[in-house]
Amino acid sequence: MSSGIESVLTETRVFPPFPNLVEGAAISGMKEYQALCDEARQSPDDFWGRLARENLNWTKPFSQVLDESEAPFYRWFADGEMNVSANCLDKHLATPTANKTALIFEADDGKVTSVTYKELHARVCKFANGLKSLGHQAGERAIIYLPMSIEAVVAMQACARLGIIHSVVFGGFSSKSLHERTVDVGATLVITADEQVRGGKSIPLKNAVDEALSMGGCEAVSHVVVYKRTGGPVQWNEGRDIWMNALSEGQSDQCEPVSLNAEHPLFILYTSGSTGKPKGVQHATAGFLLWALLTVKWTFDAKDSDVFWCTADVGWVTGHTYITYGPLAAGLTQVVFEGIPTYPNVGRFWEMIQRHKVTVFYTAPTAIRSLSKAAEGSPDYHPREYDLSSLRIIGSVGEPINPEAWMWYYTNVGRERCPVLDTWWQTETGAHMITPLPGVTPLKPGSCTLPLPGIAAAVVDEAGEPLESGKGGFLVVQRPWPGMIRTIWGDPERFKKSYFPSELKGAYLAGDGAQCDADGYFWIMGRIDDVLNVSGHRLGTMEVESALVSHSLVAEAAVVGRPDATTGEAVVAFVVLNGPLPEGAEAAKVAKQLRDWVAKEIGPIAKPKDIRFGENLPKTRSGKIMRRLLRVVAQGESVTQDVSTLENPAILDQLSQAW
Ligand code: 6R9
């Protein structure tokens, strides 16, 4: 299956919307979509103000929609007050939704537990009261390092209820990454579990927290709350550590949601940028929830009868927007999944869709590509062996989906009767930005199609000038929107420089390359910066390089991406050792050592697939590493470009051997 850009650019198939999904859709038909786009363009304040009043419950109404006085530090609904948790839970209590299932949790071993909205509300209140009893309050920061569980949703919602700003760290990140984030965010509270379980294996989490907190700089952390997931062994720090169930036990199931300013930070989520240090993307209370809820309604055309399943982890933004917040605000029943798609077999996803009668399924291209490959080899677990008739919409997120994977998904999972929604968005955008709508958009495999109403997306050149169709350039958003990033935690200058460079005339720079076709459809071409996308996870090349050079054996390292048929991109590292050039078994041994080191420093997702050793790296005479050439070498191709500016052209041969 090719994942190259060539197949995207020659794509001509078009799939019109299914009539049964047009009728009664939240946005029904191209005319209605156009009318909303026009309303947003002509009077954006009225448009967003109306939607904010219609969709959110306010404890204090706002009088101004958008405050641009400190642009690009935009403020939305800034004198209004509300509470996100009240808008996800309390608002349903007086309606029939109170007794509806909110979460169907399926654990790694297949065990299913569910909670209604009323029960979830009670659990969130009890836990919030527990946190209050420890003295935690609005404005503090909590690190959440939990496996997928009902408890993860409870922890996030409880923080939101009290105005504690959460920063979720993916359970696959190392103690070193956890430490870095705990220090940067200035956490006073950590919520974790004894262990997590993936594919039948237990992996410690509490140990990693203990390790992170012992690295120094985390003295502000006064409590570590531990969810007992497996009962595995943990060290106990009396006075600091407390079991999650013990904390909730005996607490009242009523906890008044704190009325918070619309701009109060709801969460900080770290994501990779083009330097070694991840960025703490800060989102605001009201604007984020509005955008999360609206996109659940618009993109997924949410119906009361839906069973929604987003397969992401709450450690990523997709899990924030489309597990913890959006679907609950919309009152949906949703599936929350702990395991991996290949355990106990590669039919796990299809079996779960069948078991829970999932109607809206949202996953990542990397999962689709690996499951399509697996299904061809294990016909018993092919999606055609399962009853997937409950599905009405299937979505994709995280990276470009190549037309071949799109067609496989459309044919085998959607059975040619469900639209594939290729949703383009980012941690920074809060929720979907460019995506098909089931009741509106003719689909073209490989294109994320058209921007949502209110989203002024465009493709521009270096000077910020719009490009004509067919020309590749920078993807930008020319007007602010409520769900946008507010700043980088603790680094407003970096926020301005990364996202609002002065040449672009005030537009938001997404960091992706794109082009529009003659129908105005967007085709995303991947990152324009030094950010890789491995299995839908963002990874800075600099982050991996810093991890490598921090190893005592390594003198210098350069990391590039290489297209990969399953993971989208793979990490290839070029390494110069302090000692002599290793060969044979010695090279294989050092390569393994370095891979394990990267896993320990950042997390297993950052492990280089190939490591290449050289006595030096290809450099220009001024000493710049020629990454362009390294990308060619990484793909196993011979360099045909002009290498006359290279100081040391012979080095390219040395670097072609993969370990
Ligand atoms: C939601 C999420 C964002 C980056 C983004 C882009 C890539 C995401 C995509 C896509 C093409 C899509 N990306 N969705 N590229 N088509 N439908 O993934 O957030 O982890 O911040 O990654 O992912 O490169 O810039 P995040």
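What's counted below: heavy atoms across the whole structure, side chains too, no hydrogens, waters or symmetry copies.
Looking at Glu493 and Lys497, no side-chain N of the basic residue comes within less than 4.0 Å of a carboxylate O on the acidic one, giving no salt bridge. Asp38 has a carboxylate O that lies under 4.0 Å from a charged side-chain N of Arg41, or vice versa, which qualifies the two as a salt bridge. A salt bridge links Arg161 to Asp90: one of the charged nitrogens lies within less than 4.0 Å of a carboxylate oxygen. Under a 4.0 Å N-O distance rule, the pair Lys277/Asp491 does not qualify as a salt bridge. With respect to the salt-bridge test (charged N to carboxylate O, under 4.0 angstrom), the residues Arg479 and Glu68 qualify.
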Side chain to side chain contact (heavy atoms under 4.5 Å, CB included) between Val314 and Leu146: does it pass, once the steps are laid out?
CA-CA 9 Å; Val314 291; Leu146 281 170; 6.0 Å; no
Under the side chain to side chain contact (heavy atoms under 4.5 Å, CB included) criterion, do Leu103 and Gln334 qualify, and how do the steps go?
CA-CA 5 Å; Leu103 308 176; Gln334 68 174 318; 3.6 Å; yes
After noting the C-alpha distance and the side-chain angles of Thr295 and Tyr322, does the key distance pass the side-chain hydrogen bond (donor to acceptor under 3.5 Å, both in side chains) rule?
CA-CA 9 Å; Thr295 53; Tyr322 298 107; 2.7 Å; yes
Walk me through whether Glu32 and Val440 qualify under side chain to side chain contact (heavy atoms under 4.5 Å, CB included).
CA-CA 8 Å; Glu32 201 172 311; Val440 174; over 6 Å; no
Please evaluate residues Trp291 and His432 with respect to the criterion side chain to side chain contact (heavy atoms under 4.5 Å, CB included), reporting the C-alpha separation (whole Å), side-chain torsions for both, the decisive distance (0.1 Å), and the verdict.
CA-CA 8 Å; Trp291 200 217; His432 301 159; 5.9 Å; no
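A donor-acceptor pair under 3.5 Å is formed between the side chain of Asp67 and the backbone N or O of Ser69. A donor-acceptor pair is defined here as one N or O able to donate and one able to accept, closer than 3.5 Å; such a pair exists between the side chain of His264 and the backbone of Gly163. Judged by distance alone, with hydrogens and angles left aside, the side-chain atoms of Asn261 form a donor-acceptor pair with the main-chain N or O of Ala78 at under 3.5 Å. Of the possible donor and acceptor atoms, one in the side chain of Glu263 sits under 3.5 Å from a partner among the backbone N and O of Trp76. For Thr423 (side chain) and Thr435 (main-chain N/O), no donor-acceptor pair under 3.5 Å exists by modelled atom type. No donor-acceptor pair closer than 3.5 Å links the side chain of Asn55 to the backbone N or O of Leu290. Listed for the His92 side chain is a donor-acceptor partner under 3.5 Å among the backbone atoms of Leu328. Using modelled atom types, one side-chain atom of Lys91 and one backbone atom of Ala329 make a donor-acceptor pair closer than 3.5 Å.
Ring geometry for Phe337 versus Trp309: interplanar angle over 60°, hence perpendicular rather than tilted (30 to 60°).
When all heavy atoms of His283 and Ile485 are compared, the closest pair comes out as CE1-N, 3.7 Å. When all heavy atoms of Gly319 and Ala312 are compared, the pair lying nearest together is N-CB, 3.9 Å. Summarising the geometry of Gly430 relative to Phe288, their closest heavy-atom pair is O-CE1, 3.5 Å, with the distance given to 0.1 Å. The shortest heavy-atom contact between Lys118 and Leu93 is CA-CD2, 4.0 Å. Taking every heavy atom of both residues into account, Ala160 and Leu260 meet most closely at O-CD1, 3.8 Å. Nearest heavy-atom pair across Ala262 and Phe77 is CB-O, 3.1 Å.
A 4.5 Å side-chain heavy-atom check between Val307 and Val335 finds at least one atom pair inside the cut-off. Proximity of Leu162 to Cys255: side-chain heavy atoms (C-beta onward) are separated by under 4.5 Å at one or more points. Counting heavy atoms from C-beta on, the side chains of Val185 and Tyr270 come closer than 4.5 Å. Contact check for Val225 versus Phe127: side-chain heavy atoms found under the 4.5 Å cut-off. At a threshold of 4.5 Å between non-hydrogen side-chain atoms, the residues Arg75 and Gln64 do not count as touching. Considering only heavy atoms from C-beta on, Ile393 stays 4.5 Å or farther from Phe361 through its side chain. The closest side-chain heavy-atom distance from Leu178 to Ile143 is below 4.5 Å. Residues Ile191 and Glu151 are not in side-chain contact: their nearest non-hydrogen atoms beyond the backbone lie 4.5 Å or more apart.
Distance check, rounded to the nearest 0.5 Å: CH2 of Trp58 to CG of Asn83 gives 11.5 Å. With rounding to the nearest 0.5 angstrom, the OG1 atom of Thr449 is 13.0 Å from the CH2 atom of Trp424. In this structure, CD in Glu465 is found 10.5 Å from CG in Leu504, a value given to the nearest 0.5 Å. The distance from atom OG1 of Thr188 to atom CD of Gln137, rounded to the nearest 0.5 Å, is 9.0 Å. Separation of atoms CG (Leu51) and CD (Glu39) is listed at 7.0 Å; rounding is to 0.5 Å. Between the SG atom of Cys516 and the OH atom of Tyr521 there is a distance of 11.5 Å, given to the nearest 0.5 Å.
Leu437 pairs with exactly one of Leu452, Leu450, Leu421, Asp301 by the side chain to side chain contact (heavy atoms under 4.5 Å, CB included) rule, that one being Leu452. The side-chain hydrogen bond (donor to acceptor under 3.5 Å, both in side chains) test with Ser272 is passed by exactly one of Glu543, Lys279, Arg538: Glu543.
Annotation: Lys100, atom NZ; neighbour count of heavy atoms from other residues, nucleotides and ligands within 6.0 Å is above 12. When the shell of 6.0 Å around CD of Glu249 is examined, it contains 12 or fewer heavy atoms from other residues, nucleotides or ligands.
Between Trp48 and Phe62, the distance separating the two ring centers is not shorter than 6.0 angstrom.
There is no side-chain donor-acceptor pair under 3.5 Å between Tyr362 and Thr318. In this model, no donor atom of one side chain and acceptor atom of the other lie less than 3.5 Å apart for Asn99 and Thr116.
The cationic atom of Arg181 (NZ for Lys, CZ for Arg) lies less than 6.0 Å from the six-membered ring centre of Phe173 and within 45° of the ring axis.
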